[in-house]
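Here is how names work: the chains are called A, B, and so on, in the same order as the sequence lines, proteins then strands, and each is numbered from 1. Here the structure is a predicted model, which means the values were calculated and not measured.
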Amino acid sequence: MEPSLSVDIAGIKMKNPVMTASGTFGSGVEYSDFVDLSKLGAIVTKGVTLNERLGNPTPRIYETPCGMLNSIGLQNKGVEAFIREDLKFLEKFDVPVIVNIAGSTIEEYTRVAERLSEESMVKGLELNISCPNVKDGGLAFGASVKSAVKVTSAVRKTTRLPLIVKLSPNVGNIVDIAKGVEDVGADAVSLINTLIGMAIDINSFEPQLANVFGGLSGPAVKPIAVAMVWQVSQAVDIPVIGMGGIINAEDALEFFLVGAKAIAVGTANFIYPEATIKIINGLREFLKKSDFKNISDIINKVKV
Amino acid sequence: MEPSLSVDIAGIKMKNPVMTASGTFGSGVEYSDFVDLSKLGAIVTKGVTLNERLGNPTPRIYETPCGMLNSIGLQNKGVEAFIREDLKFLEKFDVPVIVNIAGSTIEEYTRVAERLSEESMVKGLELNISCPNVKDGGLAFGASVKSAVKVTSAVRKTTRLPLIVKLSPNVGNIVDIAKGVEDVGADAVSLINTLIGMAIDINSFEPQLANVFGGLSGPAVKPIAVAMVWQVSQAVDIPVIGMGGIINAEDALEFFLVGAKAIAVGTANFIYPEATIKIINGLREFLKKSDFKNISDIINKVKV
Amino acid sequence: MSHIEARILTKKEVAQDIFKLSLFCPEIASTVIPGQFVHIECGKDKKFILRRPFSVHRQINEDVFEILFQVVGKGTKSLAEVEVDSCLDIIGPLGNGFKIPDDCKNVLLVAGGIGVAPLVFLAEKLFLSKISFNVLIGCANCQKVVRFPLKDEMTGKIYFSTDDGSLGSKGNAADLLLNHLRKNEKPDRIFACGPEPMLKAVTSIATRNGISCFLSLEERMACGIGACLSCVCKTKSGNKRVCVDGPVFNAFDILWE
Amino acid sequence: MSHIEARILTKKEVAQDIFKLSLFCPEIASTVIPGQFVHIECGKDKKFILRRPFSVHRQINEDVFEILFQVVGKGTKSLAEVEVDSCLDIIGPLGNGFKIPDDCKNVLLVAGGIGVAPLVFLAEKLFLSKISFNVLIGCANCQKVVRFPLKDEMTGKIYFSTDDGSLGSKGNAADLLLNHLRKNEKPDRIFACGPEPMLKAVTSIATRNGISCFLSLEERMACGIGACLSCVCKTKSGNKRVCVDGPVFNAFDILWE
Ligand SMILES: Cc1cc2nc3c(=O)[nH]c(=O)nc-3n(C[C@H](O)[C@H](O)[C@H](O)COP(=O)(O)OP(=O)(O)OC[C@H]3O[C@@H](n4cnc5c(N)ncnc54)[C@H](O)[C@@H]3O)c2cc1C
Ligand SMILES: Cc1cc2nc3c(=O)[nH]c(=O)nc-3n(C[C@H](O)[C@H](O)[C@H](O)COP(=O)(O)OP(=O)(O)OC[C@H]3O[C@@H](n4cnc5c(N)ncnc54)[C@H](O)[C@@H]3O)c2cc1C
Ligand SMILES: Cc1cc2nc3c(=O)[nH]c(=O)nc-3n(C[C@H](O)[C@H](O)[C@H](O)COP(=O)(O)O)c2cc1C
Ligand SMILES: Cc1cc2nc3c(=O)[nH]c(=O)nc-3n(C[C@H](O)[C@H](O)[C@H](O)COP(=O)(O)O)c2cc1C
Ligand code: FES
Ligand code: FES
């Protein structure tokens with residue numbers, strides 16, 4: 001018998017626990033040549049704001065040892081164009097769509113959330129309160145319990161959609177923040193967003209990114225992500241979505257073992273466009289080989 | 001003319017700005033077959049506590065993508081044996097010795113500091129308030145401005161030696177902590193210590209480290225370290241000692257450009273025992289090639 | 001668009017630090033057009049994780065294409081060390097490619113340094129389409145000059161300039177272009193590829209001379225397929241992604257920073 | 001102790017997933033003693049950053065030594081892919097090595113799996129010192145068995161056991177040892193190398209039989225030279241570093257966890 005990979009994250013039913021990480025998979029359309037989108041657990045779209053944003057100047061990325069810095073800066077065409085174009089395209093696939101939303105003010109978050117809640121295609125919202133790449137892009141909200149709670153409860157009041165809060169690793173107290181947003185109605189938390197980083201061109205003496213700082217992602221950050229997912233999953237009752245440096249099924253398994261109920265694949269998409277599918281297949285193989293019937297049999301099963 | 005590499009860090013005169021990172025170079029004796037210790041800017045010894053400590057169970061290390069986790073747990077023979085054996089050995093070398101100290105209580109820190117201040121061989125103290133590997137090993141002190149200030153000012157009162165405070169990256173407000181310890185008399189800050197991380201053996205379901213958590217170091221963390229060194233060096237007036245993932249002279253240059261007055265080499269010693277010397281030579285070559293007369297000509301010269 | 005393993009048939013250092021690889025890859029070789037590029041994993045070892053983009057340099061036949069690249073950093077260094085008969089992990093063909101309008105009769109190709117790479121493929125297509133063309137190539141010095149492999153029967157003439165005057169005239173590709181326009185008939189269109197300062201200079205010369213001009217741009221790329229938004233350039237119609245909306249753009253649309 | 005580039009002279013897969021490399025390295029080959037190890041950079045590419053420790057398997061002559069290793073993870077996989085004639089970056093010889101007391105007349109070597117690696121070198125030294133010895137080897141199955149290359153004139157006998165009985169007796173190295181002691185003269189000393197559970201079993205058998213026993217231990221290592229304190233084991237006289245205080249320890253000093 002085939003093992004079951006299906007999970008339910010805050011009411012969102014997924015065929016498997018493998019999602020895409022926001023900002024690394026476009027709106028899905030870009031990957032549809034490589035990936036049958038209907039095979040994914042869920043698609044998390046790139047960050048959407050109320051109005052169009054042009055993002056930061058280039059260079060926007062830089063490669064670092066086993067990782068990369070990015071400072072895209074939330075470039076997006078705004079929620080209306082997103083609904084018109086990207087959501088429309090996704091209609092033909094049988095996959096839950098979760099929209100990642102960002103804003104400079106609480107009002108912007110709530111207005112975007114409200115608007116998206118009118119769309120039946122949208123199965124959940126991911127609140128990006130942790131983007132390190134724009135001064136007003138939410139990192140401020142994710143930096144303290146107080147502000148994280150404030151924006152979460154405001155959005156909570158405007159939508160009945162499952163609400164996932166995406167946490168920043170650039171804090172000393174991620175567990176407190178997770179508990180805080182749980183208390184005011186978050187249905188799940190996802191982590192980690194990128195770590196603040198910087199790199200210098202030693203020939204020109206200029207930062208490698210036009211924006212000076214960028215967010216670090218990729219295999220380099222995996223041990224940090226696993227530690228934070230473990231800490232948070234021990235502290236909250238809502239589902240934890242784990243991400244940070246997942247390249248293959250083995251990496252994903254580490255996150256399930258420390259308590260993630262689903263995982264998201266980010267930077268790996270850039271390396272292998274089919275990474276998500278390979279991970280889904282790899283998980284299935286692992287469960288089969290180890291005689292587990294269900295992915296839930298391994299969630300939170302680390303022996304500590 | 002040979003360019004000058006010499007620097008003065010809080011009154012400690014160094015031939016060059018390349019130090020060893022605490023815990024990665026033993027007390028120096030272990031590397032003396034590979035490195036002429038007198039050629040180093042300074043030796044920072046491994047963390048010393050008042051009494052002997054056995055450290056954590058094994059496995060204590062695990063390799064991660066472009067990095068490593070360690071949970072040594074401050075194994076050391078206590079301050080008296082350290083003075084008797086390690087300091088004694090270092091007498092024959094012409095190199096400033098900086099002793100890294102740790103403790104579970106403020107009293108332990110002050111007693112170790114007091115005892116070491118009696119030794120003329122000791123040219124400075126580095127206060128480890130950021131070891132993530134023992135429950136009572138100082139991370140608690142490094143986690144908040146208040147506690148960091150408390151231990152720093154207590155130690156400040158007991159010693160006239162140059163006092164370097166080693167900062168933790170596992171915080172949301174490293175700049176505030178740096179400013180706090182500057183205000184109460186720290187002569188320099190060094191950063192970054194290791195980032196909290198975790199890894200799981202997916203076959204046994206056990207953590208790869210017996211201690212569950214470990215500290216992440218190596219090239220993987222370099223972008224994070226560069227960003228923090230830049231943030232801190234813009235905010236404080238005391239010298240900043242930069243470290244985190246430095247493998248070669250190019251890496252070191254990034255840290256100088258963002259404001260480090262000296263750098264320390266950690267994990268790289270395990271890969272190439274002569275890493276420190278190669279970096280010193282590489283820096284000299286770079287200055288020569290670029291017609292700089294002095295290492296200070298490039299410190300804080302990033303163009304932002 | 002394929003994601004595929006391509007076998008390396010030959011490798012040659014054709015100039016100082018400049019290498020040519022020929023790759024067996026029918027999926028790409030049979031469909032690629034000039035100006036398109038491939039996204040290559042330069043080291044299996046994951047020491048660097050991102051792919052690197054390279055233009056298709058020549059389409060040898062339906063099965064084989066070539067890339068030409070210069071060693072500038074760790075990715076290209078590693079690519080220069082691959083062994084013949086081993087395989088590379090490739091995504092391609094990517095990007096829009098050079099468009100040659102039907103009424104084009106006389107074309108000028110302008111290359112700066114390694115920017116010559118995609119223009120050889122374009123020249124071969126122009127020859128097949130019986131469109132006459134000339135080629136201007138600016139290089140650092142004679143050791144960096146790559147032979148522009150025009151078939152004898154090709155009509156195009158090739159002019160060189162080098163920064164140090166060690167081959168052709170002394171100066172850069174823009175100087176060469178200015179000089180060429182002074183002495184020759186005005187071309188219908190300029191196609192240029194090279195470093196940004198050169199492309200800017202070419203654009204302003206083309207503008208002043210009222211010549212249609214298309215450029216192949218470079219930006220650091222992560223995904224190569226339009227998803228990550230790392231490779232944008234500013235144009236009159238907003239941000240465009242070099243990887244899918246380009247790499248070839250109308251020079252007059254670009255808003256240089 | 002040297003840090004040096006050693007040229008790979010030969011590479012051979014001697015059993016399933018088990019490889020033998022011979023290395024040209026006079027600095028190490030001329031001074032190494034049995035039980036010492038070398039610390040090898042298994043991939044220039046920095047995808048993994050730490051070295052890996054391997055016992056010296058044989059000292060071929062003053063210039064050349066061999067290592068024998070099993071592919072278990074990424075480092076050993078990469079090492080199995082090195083090419084003959086390329087160089088490895090090595091630190092060694094490291095560690096204390098096996099001590100053979102002068103009054104030793106009759107020795108027993110006990111190997112579990114790849115633990116056979118250092119014991120071959122030891123056997124050759126015993127032969128030269130005219131000390132008689134026997135060898136007990138426990139393996140998973142016959143495909144994992146490495147030939148123990150005793151010279152014909154050597155006195156030692158070799159006994160095998162395999163977990164599946166596919167070669168020698170069925171059982172593990174400890175079973176083999178128990179059986180051997182029952183039938184044969186008590187040796188002066190046991191030298192053992194292998195996985196921890198086996199070493200524990202051997203220690204308890206040696207204790208019960210009052211036989212002096214020395215073990216070569218394994219721990220994950222970063223520096224390999226005593227600086228990082230990652231490789232400690234607990235002994236009656238406190239924490240000891242396997243890399244410099246070991247890897248060979250008196251079995252009766254070890255405090256197993
Ligand atoms: C569409 C496109 C087509 C290209 N075609 C060719 C070609 O045919 N031949 C060729 O030699 N090169 C080509 N390039 C440039 C090539 O991709 C870079 O030289 C290569 O990525 C550098 O990799 P590296 O690891 O060696 O350098 P790194 O160590 O990553 O960096 C070295 C230098 O190269 C620059 N660089 C890095 N990535 C890029 C990039 N994507 N574009 C431009 N500069 C970059 C860096 O900013 C840095 O200054 C093309 C680039 C693009 C975008
Ligand atoms: C003093 C000493 C001598 C050794 N001699 C030999 C030898 O002659 N032949 C041989 O095949 N192996 C020997 N080993 C073991 C060898 O070092 C490991 O098999 C190797 O480091 C694994 O590297 P990897 O990257 O392939 O495995 P990894 O991917 O790092 O890990 C795979 C598995 O190997 C284990 N492992 C990792 N490092 C070590 C280590 N240092 N010691 C033990 N297990 C480890 C891990 O815990 C894991 O279970 C020796 C080890 C020591 C300490
Ligand atoms: C190019 C890029 C763009 C990203 N954009 C967003 C975004 O718009 N919103 C968001 O919440 N996270 C964004 N992220 C963060 C990822 O979703 C993810 O949290 C992070 O990259 C860690 O996962 P990884 O290591 O698998 O990439 C982005 C990451 C990258 C690399
Ligand atoms: C094995 C190991 C042991 C360490 N022990 C100490 C210590 O005792 N005291 C301390 O302040 N830092 C300790 N550190 C942290 C290093 O000094 C340094 O801050 C960190 O490793 C980052 O530098 P790197 O990436 O160059 O290794 C240790 C690091 C490692 C890897
Ligand atoms: S490289 Fe990702 S959008 Fe162009
Ligand atoms: S490996 Fe560093 S002390 Fe043994």
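The minimum heavy-atom distance between Cys228(C) and Ile72(A), with the atom names listed, is O-CD1, 3.3 Å. Contact detail for Ile49(C) and Pro219(A): the closest heavy-atom pair is CD1-CD, 4.1 Å. Shown here for Ser230(C) and Ile61(A), the closest heavy-atom pair between the two residues is CB-CG2, 3.4 Å.
Only the side chain of Thr267(A) comes within contact range of chain C, judged by heavy atoms closer than 4.5 Å. Within the 4.5 angstrom heavy-atom criterion, only side-chain atoms of Arg51(C), from C-beta onward, approach chain A.
Atoms CD and CD1, on Glu274(A) and Ile91(C) in that order, are 6.5 Å from each other to the nearest 0.5 Å. One distance of note links NE2 of His3(C) with OH of Tyr272(A); it measures 7.0 Å at 0.5 Å rounding. Remark: Leu229(C) CG to Asn56(A) CG distance equals 11.5 Å, nearest 0.5 Å.
Under the rule for a side-chain hydrogen bond (donor to acceptor under 3.5 Å, both in side chains), the partners of Thr49(A) that lie at least two apart in sequence or sit in another chain are Asn76(A).
Enclosure of atom NZ in Lys88(A) is not indicated, since only 12 or fewer non-hydrogen atoms of other residues, nucleotides or ligands lie within 6.0 angstrom. Within a 6.0 Å radius of NZ in Lys200(C), other residues, nucleotides and ligands contribute more than 12 heavy atoms.
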Please list, one pair per line, the donor and acceptor atoms closer than 3.5 Å that link side chains of residues 17-27 of chain C to other protein atoms, with sequence neighbours excluded.
from: Ser22(C); atom 1: OG; to: Thr10(C); atom 2: N; distance (Å): 3.2
from: Ser22(C); atom 1: OG; to: Thr10(C); atom 2: OG1; distance (Å): 2.7

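Of residues 240-254 of chain C, those residues lying under 4.5 Å from chain A by any heavy-atom pair are Arg241(C). Along residues 28-35 of chain A, the residues that come nearer than 4.5 angstrom to chain C, judged on non-hydrogen atoms, are Glu30(A), Tyr31(A), Asp33(A), Phe34(A) in order of number.
In terms of heavy-atom pairs under 4.5 angstrom with chain C, the leader among Asn269(A), Leu54(A), Thr24(A) is Leu54(A).
In this structure the side chain of Arg220(C) never reaches within 4.5 angstrom of the side chain of Met68(A), judged on heavy atoms.
Judged by distance alone, the side chain of Glu63(A) and the main-chain N or O of Leu50(C) form a donor-acceptor pair under 3.5 Å.
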